[in-house]
Every structure is written in structure tokens, then in C-alpha cells.
Amino acid sequence: MDDASRDPQLDTGGGTRRRFLRFLAASPLLATAGIDLAALERLTSAHDPDDGWRLLHEVERAAQQGLIGAPGDALSVFDFEPVARAKLPAAHFGYMASGVDDDATLRANREGFSRFALRARRLVNVREVDSSMTMFGVRYDTPIFVCPTGSQKMHDPDGDVATARAAKALGHLMMLSGVATSSVEEVNAARGTPVWYQLYPTDVDAVAHAIVRRASKAGCPVLVLTVDLNGGRNTETQLRAGRVDQRDCTRCHTPGVAGYVRRKPMFDGLDVSNATDLGNPSMDWAWVRRCRAVAPQMKLVLKGLVTREDAELAVANGADAIVVSNHGGRAEDSGRSTIESLPEVVGAVRGRIPVLIDGGFRRGSDMLKALALGATAVGIGRPYLWGLAAFGQPGVEAVLTLMQRELHLGMRQMGVQSLRQLGRQFVVPR
Ligand SMILES: Cc1cc2nc3c(=O)[nH]c(=O)nc-3n(C[C@H](O)[C@H](O)[C@H](O)COP(=O)(O)O)c2cc1C
């Protein structure tokens, strides 16, 4: 499926259809909507090739949704989502958008923010605000980090490298997915400094340890161990989206772990024939300690904790930081948001290690709530993927810029000069 735009099935209507699409793509309306020939082909790939009128109607409808035509036209990160939807094949957009089961946790991540209100202070000089944060001795101008997300070349030909260039341009901390479609070496070069490496271990320890050694050799200072996908999952929305996608997915996707990692460079040269899972259902705290011993100089961050009990165990087992995360609602359908999980984790950690968070962050006010509740940094996943799919690297930069601008605006509105001043007194439950 990754090579959808080259699907020969699209030419089955012959030259007539392609000429018609070319004619449509030349329309100024569609250009304004950011719809080019490739996007048109994807948008219409599910249609009867001869049904020109229906096609035209569909395209007009997409254009009338008010799709932005350039990254700079966006008023908020939400403006990128419909463009990404229009440009991507249904199955690929479904992969990005999906939660699990009923998508209850996915929705909860957004709804959770409405359970907290901000308390604004007035008459503070906020002409200059400082949103910098420091993690493991490195200072960043922004607390917004780029979450690890897999298979980015399905959204844009440059994928993770485009994201890394955007993170470099704007100084964001970036975590690279263990199932990235670019290697850690390429991404480190694009980011200009080694990124944090997120591990999917598989259930074969030799594979996990070889990947950790490679990330360590590439200079990655931090290993991010994702611990919320060890039990399997049911990405039903993704599977439903796949059903309306008429392309031949078997051209790119083959079953099993070996098939899945075929296009994931971090697995190159590794024997995955015995792996049955990308996560490891037998992972426990002893496993974590063994994994850490493979590269003891790397910091260890556990991504996916949501309870005080596990936060306590993380500290006791030597974790250097925690990411409160439910995988963007893609792990379990607990229906519990990360922002609601944050206070108990922060309470259990008692300042001993940094607590980061992701899940549903789209607005400056969302980030202020998390930072006031004790988070050191806030991650975004889908918003930058919308930007990437819509406009490539400039789209990611525009998303990061909008988030940072909203954060600064929010800090001024709260009467906060630096993130250090944010605390529980700025939030009340609703
Ligand atoms: C398309 C997609 C792919 C993802 N891939 C990974 C991954 O490879 N590793 C990982 O730890 N988390 C992955 N995540 C979860 C993100 O790191 C992050 O926890 C989540 O996206 C944050 O929620 P948000 O998308 O609402 O901002 C992925 C999320 C999405 C949407």
C-alpha cells in the first residue's frame, strides 16, 4: 500500500480518465484546495473510472470543505487534517486516524481537557515569555516534542527525514519510531543531532538487543521503550478504512512480523523469522532491566504508563523519565484520557524524574493544563502527521509553529513569564 500513487490500476480507465483528471487538477479551485493530480487520483481511486460526473461532484465537495492550499493558510492545526484526508489513500488515512475498538480512548484524550479549567493571573509583565525546557541537560526552546510515529513514508516520500528537518529548523526534541521507514543514521543526520530512539523489541531478545546496540552506536542519548503495545490491539477503524480502499494492498504489505518489518530499515540484517509480535507479551520489569544493561550509558524512558503504581515501579527500576501515554488512543480502549492520568503519575513520581505526556494535544490551552499539572514536556503525534501528509516538511513546520505560537499566547494570557512559574494553582477541576 505504501506505493499507492504508482498503482497501475489507476490507469484502467485509459488515457481519457487521466486527461480528465489533469483537466480538473488545473482548476484554480482545486489548486487553492491543495489538490494536485496525484491527490485527485487518490481521492478518486475508489470510483468507476468512467463516472466523470460523480467524480467531479466528489472533488467539488472536497474543495468546498474549505481545504487550505498552503501551510501558511492554516488557522489551527485542525486545518491540516482534512487536507491529509483528501490526499491520502483511505487505508493510509485510516491507519493514522484509528484508535482501537470503539475509539473511546481516542475521543477521551480530547474530551479529557474539558475536565480541567485554567485560572488566569493578571497584571504580570508578559511582553517576553520563555517556553524553554531542559531535559537530561539539553535545553530546548519549546516543551513540545515530536512523538514517535511509524511508517511516515506512507504519508510523504521523505517521511521521517522531512519530520527531522522540521524538528531541526524549529529546535524540537524528536523521538524516532522503532518502525520508522528511515534509518536512525539518516534521521540523526537530518535532525543534526541524535534523536531519542523508540524501541519496538519484538518477542525475540536478540533482535531487541541488536537494535538497541545500533541506536546506541548511532549516538542516540535516550532509549524510549514503548510498553503499551505488548498485549496486542484491535484497530477497527483502520481495518474498516482498508475495506473501502480499492488498491491491491498485497503489493506492499505481507503478513507476519517479517513481512511488516521488510520496509523498516532498523530491522535490516536481523533474523526476525522467530518473531511473532512487534511488542513482547512476556515483557516485565526484569526484561526492562536486562534491556537497559545492553546500553547502560543511554537514558531509559518508559512510554505508555498511566498509573501511580507503575510510576512508582518505574522509579524503583531506574527509569530516567516517563511518558504518560496511551499511544494516542491506539493501545487499549480504557476510555481514560492521558490528561486525567497525569496527576496520579506526577503525584507518585514526586519530582524524582521528569514526566512527559502525549495524547490529544492540539491547542495551547491543552499544553498549559498539562504543564501546570506537572508535565515537563508535551508530545504531539497526529497533528504533525496531518502537516506531513498535507504539505511535507513545510506542513510539519507549520504545525509546530502554530502549536508553539498558541503556547506563547496562552502563557501571556495566564500571566506566566516562564514554564517554571506554571503550577497546580493555574488549574482547577471542572
Ligand atoms: C499513525 C501513528 C503511528 C504511531 N506509531 C508509533 C510508534 O511507532 N511508536 C510509538 O511509541 N508510538 C506510536 N504512536 C503513538 C504516538 O507516539 C503518540 O503516543 C500519539 O500519537 C499521541 O497522540 P496524538 O496522536 O493524539 O497526538 C503512533 C501514533 C500514530 C497516530
Side-chain angles (χ1 to χ4, degrees), residues 1-2 77-78 80-81 84-85 88 91-100 103 105-113 144-156 159-160 163 173-182 184 187 195-202 211 215 222-230 233 235 237-238 241 260-261 263-264 266-267 278-279 301-306 322-332 337-339 341-342 356-363 366-367 370 375 377-389 396 399-400 403:
M1 268 194 303
D2 287 0
V77 300
F78 294 107
F80 293 92
E81 199 251 14
R85 186 191 289 265
L88 290 176
H92 289 182
F93 185 79
Y95 165 71
M96 187 199 294
S98 193
V100 286
D103 291 348
T105 312
L106 178 72
R107 284 192 301 280
N109 276 346
R110 288 294 303 139
E111 289 160 8
F113 294 110
I144 303 167
F145 68 90
V146 174
C147 288
T149 64
S151 307
Q152 290 186 20
K153 283 190 184 165
M154 76 161 62
H155 311 308
D156 174 83
D160 326 79
T163 300
L173 162 62
M174 174 172 174
M175 301 181 187
L176 177 67
S177 164
V179 288
T181 29
S182 309
V184 70
V187 171
V195 296
W196 292 16
Y197 188 80
Q198 180 262 323
L199 178 69
Y200 277 132
T202 77
I211 295 173
V222 179
L223 183 69
V224 180
L225 179 62
T226 294
V227 297
D228 54 16
L229 279 196
N230 288 329
R233 62 177 175 174
T235 50
T237 294
Q238 175 191 342
Y260 182 70
V261 301
R263 288 159 180 257
K264 317 292 186 217
M266 291 306 287
F267 291 83
L278 262 187
V301 174
L302 298 181
K303 175 172 182 280
L305 302 188
V306 290
I322 289 170
V323 185
V324 173
S325 176
N326 51 34
H327 221 104
R330 299 159 77 82
E332 85 291 324
S337 68
T338 52
I339 192 75
S341 310
L342 179 65
L356 292 71
I357 183 169
D358 68 32
F361 288 85
R362 310 289 182 260
R363 288 287 188 189
D366 304 335
M367 295 186 274
V378 173
I380 56 168
R382 292 180 186 84
Y384 82 81
L385 292 179
W386 299 333
L388 180 68
V396 180
V399 164
L400 293 171
M403 296 287 287

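All ligand and atom numbering here is 1-based and tracks the order in the structure.
Annotation: Phe361 is in aromatic contact with Phe113 [ring centroid separation under 6.0 Å].
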Tabulate distances under 3.5 Å between N/O atoms of ligand 1 and N/O atoms of the protein, writing both atom names on each line.
| from | atom 1 | to | atom 2 | distance (Å) |
| --- | --- | --- | --- | --- |
| ligand 1 | 5 (N) | Gly150 | N | 3.0 |
| ligand 1 | 8 (O) | Gly150 | N | 3.4 |
| ligand 1 | 8 (O) | Ser177 | OG | 2.6 |
| ligand 1 | 9 (N) | Gln198 | OE1 | 3.0 |
| ligand 1 | 9 (N) | Tyr200 | OH | 3.0 |
| ligand 1 | 11 (O) | Thr226 | OG1 | 2.7 |
| ligand 1 | 11 (O) | Lys303 | NZ | 3.0 |
| ligand 1 | 12 (N) | Pro148 | O | 3.3 |
| ligand 1 | 12 (N) | Lys303 | NZ | 3.0 |
| ligand 1 | 12 (N) | His327 | NE2 | 3.2 |
| ligand 1 | 14 (N) | Pro148 | O | 3.3 |
| ligand 1 | 14 (N) | His327 | NE2 | 3.4 |
| ligand 1 | 17 (O) | Pro148 | O | 2.7 |
| ligand 1 | 17 (O) | Lys303 | NZ | 3.0 |
| ligand 1 | 19 (O) | Lys303 | NZ | 3.2 |
| ligand 1 | 19 (O) | Ser325 | OG | 3.3 |
| ligand 1 | 19 (O) | Asp358 | OD1 | 3.2 |
| ligand 1 | 19 (O) | Asp358 | OD2 | 2.8 |
| ligand 1 | 25 (O) | Arg382 | N | 2.9 |
| ligand 1 | 25 (O) | Arg382 | NH1 | 2.9 |
| ligand 1 | 26 (O) | Gly360 | N | 2.9 |
| ligand 1 | 26 (O) | Arg362 | NH1 | 3.4 |
| ligand 1 | 26 (O) | Arg362 | NH2 | 2.8 |
| ligand 1 | 26 (O) | Arg382 | NH1 | 3.3 |
| ligand 1 | 27 (O) | Arg362 | NH1 | 3.1 |
| ligand 1 | 27 (O) | Gly381 | N | 2.9 |

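Residues passing the side chain to side chain donor-acceptor pair (under 3.5 Å) test with Arg233: none are found, sequence neighbours excluded. For Asn230, there are no side chain to side chain donor-acceptor pair (under 3.5 Å) partners two or more places apart in sequence or in a different chain. Residues satisfying the ring-ring contact (aromatic ring centres under 6.0 Å, His included) criterion with Tyr95, sequence neighbours excluded, are absent altogether.
Side-chain atoms of Lys264 and Ser177 form no donor-acceptor pair, as typed in the model, at a separation below 3.5 Å. A donor atom on one side chain and an acceptor atom on the other are not found under 3.5 Å apart for Asn326 and Thr338.
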